[in-house]
Amino acid sequence: MRITVAQLAEQIGAELVGDGSGQINAVGTVEAADENAITFITGSRYIPGLEKSRARAVIVAKCIEDLAKPQLIVKNVNAALIEALNVFAPKLKAASEGIDPTAKIGQNVKIAKGVAAGPGVVIDDGAELGENTVIANGCKIGENSKVGKNCRLDSNVVVYHNCIIGNNVDKQANSTVGSTGFGYSFIDGTHRLIPHNGGVLIEDFVEIGANCCIDRAKFGNTIIGAGTKIDNLVQIAHNVVIGKRCLIAGQVGIAGSSKLGDGVVLAGGAGVADNIEIGDGTMVGARSLVFRNVAAKQQVLGMPATDKSRALRIIGLTERLPKMVEQLRELSTRIERLEAAKNDKR
Amino acid sequence: MRITVAQLAEQIGAELVGDGSGQINAVGTVEAADENAITFITGSRYIPGLEKSRARAVIVAKCIEDLAKPQLIVKNVNAALIEALNVFAPKLKAASEGIDPTAKIGQNVKIAKGVAAGPGVVIDDGAELGENTVIANGCKIGENSKVGKNCRLDSNVVVYHNCIIGNNVDKQANSTVGSTGFGYSFIDGTHRLIPHNGGVLIEDFVEIGANCCIDRAKFGNTIIGAGTKIDNLVQIAHNVVIGKRCLIAGQVGIAGSSKLGDGVVLAGGAGVADNIEIGDGTMVGARSLVFRNVAAKQQVLGMPATDKSRALRIIGLTERLPKMVEQLRELSTRIERLEAAKNDKR
Amino acid sequence: MRITVAQLAEQIGAELVGDGSGQINAVGTVEAADENAITFITGSRYIPGLEKSRARAVIVAKCIEDLAKPQLIVKNVNAALIEALNVFAPKLKAASEGIDPTAKIGQNVKIAKGVAAGPGVVIDDGAELGENTVIANGCKIGENSKVGKNCRLDSNVVVYHNCIIGNNVDKQANSTVGSTGFGYSFIDGTHRLIPHNGGVLIEDFVEIGANCCIDRAKFGNTIIGAGTKIDNLVQIAHNVVIGKRCLIAGQVGIAGSSKLGDGVVLAGGAGVADNIEIGDGTMVGARSLVFRNVAAKQQVLGMPATDKSRALRIIGLTERLPKMVEQLRELSTRIERLEAAKNDKR
C-alpha cells in the first residue's frame with residue numbers, strides 16, 4: 001500500500017501544507033519513521049525531534065513555521081493518527097467463510113448471516129450468534145449463551161453457559177469468560193463449592209485482551225459496562241460490576257463483588273479487594289492495592305492505596321528513613337548533652 | 001424450574017415456619033432477591049435488611065420472631081444454601097457423547113466407560129482416562145498421563161506427559177499442567193534448560209481455575225494435595241508441594257520447591273519465594289510476599305510478609321510518616337531553644 | 001531405561017572413581033535419590049548430606065576422599081547434570097506425523113519438510129513454517145507470520161499475523177503472541193483503539209512459558225532477543241524490546257515501549273513501568289516495580305525499585321518503625337523534663 005502524502009491528506013480530511021507528491025507506505029514515530037513514512041506530533045515540545053526526523057511528512061494540530069517537511073494539519077492529532085494507521089493497516093483476509101466442518105454445533109443454535117466459526121469450535125445447545133460475528137478456531141460457546149453482532153472471538157476463547165455478550169465485542173486469544181468463581185464453604189472438613197447459578201453480562205464495544213479470566217456470578221451477573229477496555233492476563237472475580245468506559249490494564253485483579261463506577265482507570269497490576277466500591281473517574285496507580293472504598297474522581301496509589309500526592313509523599317519519606325534514624329540519633333545526643341549540663345549545675 | 005417454598009424445604013431437609021405455598025425459581029441475596037426468589041442470612045445482623053427484602057422466603061439457622069416471611073430453618077445455612085442453589089442450578093446437557101471423530105487418540109490409550117472427548121482433543125500414547133471423565137474441546141493429554149474418574153477438563157486444558165491426576169478433579173478452561181519449569185544453568189554464555197524429568201501429581205477433589213499454570217518437577221513431582229482449591233491465573237512452579245485442603249486465590253505465584261502444609265490459605269495475588277516452607281493452617285494476606293519460612297497457624301501480611309497485627313501496625317505507622325517528620329522538626333526546634341538558653345547563661 | 005554407573009560416566013564424559021557396576025535409572029536430589037538414582041552436588045557444603053544419601057553414585061567437580069560411593073568427576077556439574085538428565089529423560093514420541101486432516105491450511109503457505117501440525121490447527125494465508133517445526137493441536141499461525149526451523153509450539157499457542165519467529169524457539173501451551181496492545185485514544189467520549197500495524201519479532205533460541213502474552217507493536221516490532229527465556233503468565237506489552245539472554249520469571253509484567261538490555265534478570269512478579277530503560281546485566285528482585293531507568297549491572301529491589309542494599313536497609317527500618325515511634329516519645333519526654341527544669345529556674 002503506497003500512496004502520496006496528498007492522497008493521505010485527502011483520506012484523513014487534513015489540510016496539506018507543502019509538497020504532497022512524496023510516496024509513503026507507513027506511519028512511524030519521530031525517531032523511527034524513514035522517508036517512506038509519515039510521522040505525527042502531539043505537542044510543540046516534539047518539534048526539535050521532528051526537525052531531525054527522516055519522516056517524509058508530519059501530522060500536526062498547528063502549522064509549524066519554516067518546517068522543511070510537508071504538514072497535514074488536523075483538528076485532533078490522535079484521531080487523525082488512528083485514521084492514518086487504518087489506511088496503512090495490513091489487509092487481512094475477511095473471515096466470513098462460514099462454519100468449518102469440524103465445528104460442532106448443538107441443537108436449537110441460532111446463527112445469523114455472515115457468522116464464521118473455525119476448526120474445533122463448539123457451539124452448545126441453545127446458543128445464539130449475531131450477524132457477522134467471527135469465532136476463531138478452538139473457541140467454545142456454552143449452552144444458551146448469546147453473542148451479539150460484529151463480535152470477534154480470537155482463537156481458543158472460551159465462553160461458558162448462560163453468558164450474554166453484546167455487539168461489537170472483541171476478545172483476544174485464550175481468554176475465558178464465565179468460569180465458576182472461587183467461592184467455597186468449609187463444611188464437615190472440606191471446602192464445598194458454592195454453585196454459581198449466575199452468569200456474565202458483557203455490554204457493547206467492550207474489548208478484552210488475551211489470557212484474561214472473567215468469572216460468572218453466584219447470583220445475578222458479573223457485569224462489564226459498555227465501552228470498557230481490558231488488557232491481558234486480567235482476573236475479574238464473581239459478581240464484580242465494572243462501569244462504562246473503564247480502562248483495566250494488564251495483570252489487574254479485582255476480587256469478588258467489587259463495583260467500579262464509569263470511567264475508572266486501573267493501571268498495570270493494580271488490585272482491588274473484595275466488596276470494594278470505586279467511584280466514577282477514579283484512577284488507581286500501577287501495582288496499587290485498593291482495600292477501602294474510594295470516592296469519585298480520586299487518584300490513589302500505594303499498598304494500601306491512598307491519595308496519590310500523600311502516597312508519593314509517604315514513598316519519599318520511606319526512602320528517607322535512613323536519614324530519619326540519623327536525625328533521631330543526633331537529637332538524642334544533643335539531649336544527652338543538655339541533660340549532662342543540667343546535672344553538672346546541680 | 002419453579003417449585004413451592006414447601007417443596008424446597010423438603011428437598012433441603014429444612015423445617016418450614018410459615019406459608020409454604022409461594023412459588024420460587026431462584027436463590028438471591030437479601031438485596032437482589034425478588035418475590036420469585038428465596039434468600040438466606042448467616043447472622044442476626046442481617047435481620048434489618050431481611051425485613052426490607054422482597055424475597056419470598058428465607059433460609060435461616062434460628063427462627064426469627066414476627067418475621068413476615070416464611071422461614072426455612074436449617075442447622076447450617078451455608079450447607080443448605082449449596083443444596084438450594086443446586087436445586088435451581090441451570091440444567092446443562094450431560095457430556096457423555098463419547099469421543100468426537102476429530103479427536104486424535106494415540107496407541108495403548110485406556111478409555112473407561114462414560115468418557116467424553118470433544119473436537120480437536122489429543123490423547124497421546126499410553127494415556128489413561130477414568131470412568132465418566134469429560135475432556136472438552138481442544139484439550140490435550142500427554143503421553144502416559146493418567147486422569148482419574150469423574151474428572152472434568154474444560155476447553156483447551158493442556159496436561160503434558162507423565163502427569164497423574166486423581167478422581168473428581170476439575171480444571172477450568174485454558175489451564176496448563178505439566179509445562180516445563182523455569183530452571184536454567186548458565187553454561188558457556190547461554191542459558192541451558194535443565195531437563196524436567198519429573199511430573200505433576202494432582203490428588204482427588206482438587207479444583208483448578210482458568211488460565212492457571214502448574215509446572216512439572218525437575219525430579220519427582222510437583223504435588224497438589226487432596227481437596228485443595230486453586231483460583232484463576234495462578235502460577236505454581238516446579239517441585240512445589242501443596243498440602244491438603246488449601247485455598248489458593250487468584251493470581252497467586254509460588255516459586256520453585258516451596259512447600260505448603262495442609263489448610264494453608266493464600267489470598268489474592270500473594271507470592272511465595274522459592275524453597276520456602278509454610279506450616280499447616282497459616283493464612284497469607286492479599287498481595288503479600290513470603291520470603292521467610294512461616295510456622296503453622298500464623299496470619300501473615302505484607303511485603304515481606306510478617307505477623308499480621310505487626311504488619312498492620314507498620315502499615316499504620318508508615319502512613320503516619322509525615323507526622324513523624326513534623327514531630328522530629330518540632331523536637332529539634334525545642335532542643336535548639338534549650339541549647340540557646342544554656343548558651344545565654346554562660 | 002536402566003544403565004550402569006560406568007555407562008553413564010562414559011555417556012557424559014566423566015571420570016569414574018569407584019565401582020561402576022551398579023544399575024541406575026534416574027537422577028535425583030541428595031535427599032530424594034534412592035539406590036536406583038545417581039545424585040550430584042555443586043559444592044563441598046553438600047558433602048555431609050551426600051554421605052547420608054541413599055543415591056547409588058554422585059556427580060561432583062572434585063573427588064571426595066573416603067566417600068563410600070562411586071563418583072563421576074566432571075569439569076562442570078551443572079552441564080553434566082543436564083547431560084545425565086537427558087540420558088534418563090522420558091522418551092516421547094517424535095511428532096513428525098505431518099499435517100492432521102482437520103488442520104486448516106490457507107493459501108500460499110510454505111511448509112518445509114518434517115513439519116507437523118495437530119488437530120484443529122489453523123495456518124493462515126502466506127504463513128511459513130521452517131523445517132522440523134512442530135505445531136501442536138489447537139494452535140493458530142496468523143497471516144504472513146513466519147516460524148523458523150526446529151520450533152515447538154505446544155497446544156493452543158496463538159501467533160497472530162505478521163509475526164516473525166526465529167529458529168529453535170519453544171512456546172509452551174496456551175501462550176499468545178501478537179495480540180493487539182492496550183493503546184487507546186479518548187476521542188469524543190469513547191476510547192478508540194490505536195491500530196497496531198507493527199508485529200512481534202522473536203529471535204533464535206527463545207523459550208516462552210505457558211499462558212504468556214506478548215503484544216504486537218503499534219509501529220515496528222515488539223522484540224525478544226536471542227536466547228532470552230520467559231517463564232509462565234508473563235505480560236509483555238506493545239513495543240517492548242528485550243535484549244539477548246535475559247531471564248524473565250513468572251508473572252512479570254513489562255509495560256509499553258520499555259527496553260531491557262542484554263542479560264537482564266527480572267525475578268518473579270517484578271513489574272516494569274512504560275518507557276523505562278534497564279541496562280545490561282541488571283537484576284530486579286521479586287515483586288519489585290521499576291519506575292525509573294536503571295543503569296547496567298545494578299541490583300534493584302522494592303516498590304519503587306531502588307539499589308538492593310539500600311532497599312533492604314529501608315525494609316529493615318520500616319520494620320523498626322514501632323521502635324522509632326517509641327524513641328520519639330522518649331525524646332519528647334526528656335525534652336519536656338529539660339524544659340520544666342529551665343522554667344523552674346526562672
Side-chain angles (χ1 to χ4, degrees), chain A residues 102-104 106 119-122 124-125 138 140 142-144 156 158 160-162 174-176 179-180 182 184-185 187 189-195 197 211-213 215 218-220 233 235 237 251 253 255 271 273 289 291 303-304 306 310 313-314 317-318 324 327-328 331 334-335 338 341, chain B residues 26-29 32-33 37 76 78-79 81-82 85-86 88-90 92-93 100 102 118-120 136-138 154-156 170 172-174 205 207 209-211 227-233 245 247 249-251 268-269 286-287 303 315 318-319 321-322 324-325 328 331-332 335 338-339 342:
Chain A
T102 65
K104 187 172 175 180
V121 163
V122 170
D124 277 341
D125 294 1
K140 146 98 172 235
E143 266 181 80
N144 297 317
N156 302 326
V158 176
Y160 282 78
H161 58 277
N162 288 357
N174 290 317
S175 276
T176 304
S179 37
T180 297
F182 197 65
Y184 292 89
S185 290
I187 296 168
T190 61
H191 298 291
R192 285 189 57 198
L193 182 65
I194 301 168
N197 292 356
N211 294 70
C212 287
C213 298
D215 278 345
K218 281 191 220 167
F219 314 106
L233 289 165
Q235 152 74 348
Q251 295 180 314
L289 180 50
F291 252 118
M303 206 167 148
T306 178
R310 187 174 157 76
R313 175 123 201 265
I314 288 168
L317 291 176
T318 306
M324 283 175 67
Q327 285 180 303
L328 265 175
L331 293 186
R334 286 161 67 189
I335 292 172
L338 288 164
Chain B
V27 184
T29 58
N76 183 329
N78 286 323
L81 174 61
I82 290 175
L85 283 165
N86 276 327
F88 296 114
L92 300 175
K93 194 171 169 176
D100 189 89
T102 65
N137 67 306
D154 292 344
S155 306
N156 302 325
D170 286 349
Q172 297 199 72
N174 290 316
F205 292 101
E207 294 174 25
N211 294 70
T228 283
K229 314 298 183 187
I230 298 176
D231 198 356
N232 302 331
L233 289 164
R245 296 177 306 282
L247 291 177
Q251 295 180 315
R287 296 283 179 115
M303 207 168 146
I315 289 169
T318 306
E319 295 195 324
L321 272 174
M324 283 175 68
V325 168
L328 266 174
L331 294 185
S332 176
I335 292 173
L338 289 164
E339 288 169 337
K342 188 183 78 169

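Here the structure is a predicted model, which means the values were calculated and not measured. Residue numbers begin at 1 in each chain, while the letters A, B, ... track the order of the sequences.
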Measure distances from [X] to the heavy atoms of chain A and classify the residue's part below 4.5 Å as side chain, backbone, both or neither.
X: B:I230; value: backbone
X: B:E339; value: both
X: B:A173; value: both
X: B:I315; value: side chain
X: B:D100; value: side chain
X: B:A249; value: both
X: B:N76; value: side chain

Winner by heavy-atom pair count (cut-off under 4.5 Å) against chain A, out of [options]:
options: B:D154, B:T102, B:L81; value: B:D154
options: B:A210, B:A37, B:G138, B:G250; value: B:A210
options: B:T29, B:L331, B:I82; value: B:I82

Backbone of [Y] reached by a side-chain donor or acceptor of [X] within 3.5 Å:
X: A:R313; Y: B:L321; result: no
X: A:N197; Y: B:A26; result: no
X: B:N174; Y: A:N211; result: no
X: A:Q235; Y: B:N232; result: no

With a 4.5 Å heavy-atom cut-off, do [X] and [Y] have their side chains touching?
X: A:T176; Y: B:Q172; answer: no
X: B:P90; Y: A:E143; answer: no
X: B:L247; Y: A:H191; answer: yes

Taking every heavy-atom pair that is under 4.5 Å apart, which of [options] has the most such pairs with chain B?
options: A:T318, A:I187, A:T190; value: A:I187
options: A:N156, A:D124, A:V121; value: A:N156
options: A:T306, A:N144, A:D215; value: A:D215

Check your understanding: If you measure from CZ on B:R245 to OH on A:Y184, what distance do you get to the nearest 0.5 Å?
Key ->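 If I round to the nearest 0.5 Å, the distance is 14.5 Å.
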Check your understanding: Which distance, rounded to the nearest 0.5 Å, do you find between the CG of B:L92 and the CG of A:D125?
Key ->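 Here the interatomic distance stands at 10.0 Å.
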Check your understanding: Who are the ring pair (Phe, Tyr, Trp, His ring centres under 6.0 Å) partners of B:F88, not counting sequence neighbours?
Key ->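 B:F88 satisfies ring pair (Phe, Tyr, Trp, His ring centres under 6.0 Å) with no residue once adjacent residues are dropped.
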**Study point:** Side chain / backbone / both / neither for A:T180 at chain B, heavy atoms under 4.5 Å
**Key:**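 Answer is both: backbone and side chain atoms of A:T180 are under 4.5 Å from chain B.
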Check your understanding: Under a 4.5 Å heavy-atom cut-off, does chain B meet the side chain of A:H161, its backbone, both or neither?
Key ->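 Only the side chain of A:H161 comes within 4.5 Å of chain B.
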Point to revise | Verdict with reasoning, B:L328 to A:M324, per side chain to side chain contact (heavy atoms under 4.5 Å, CB included) | key: CA-CA 8 Å; B:L328 266 174; A:M324 283 175 67; 3.9 Å; yes
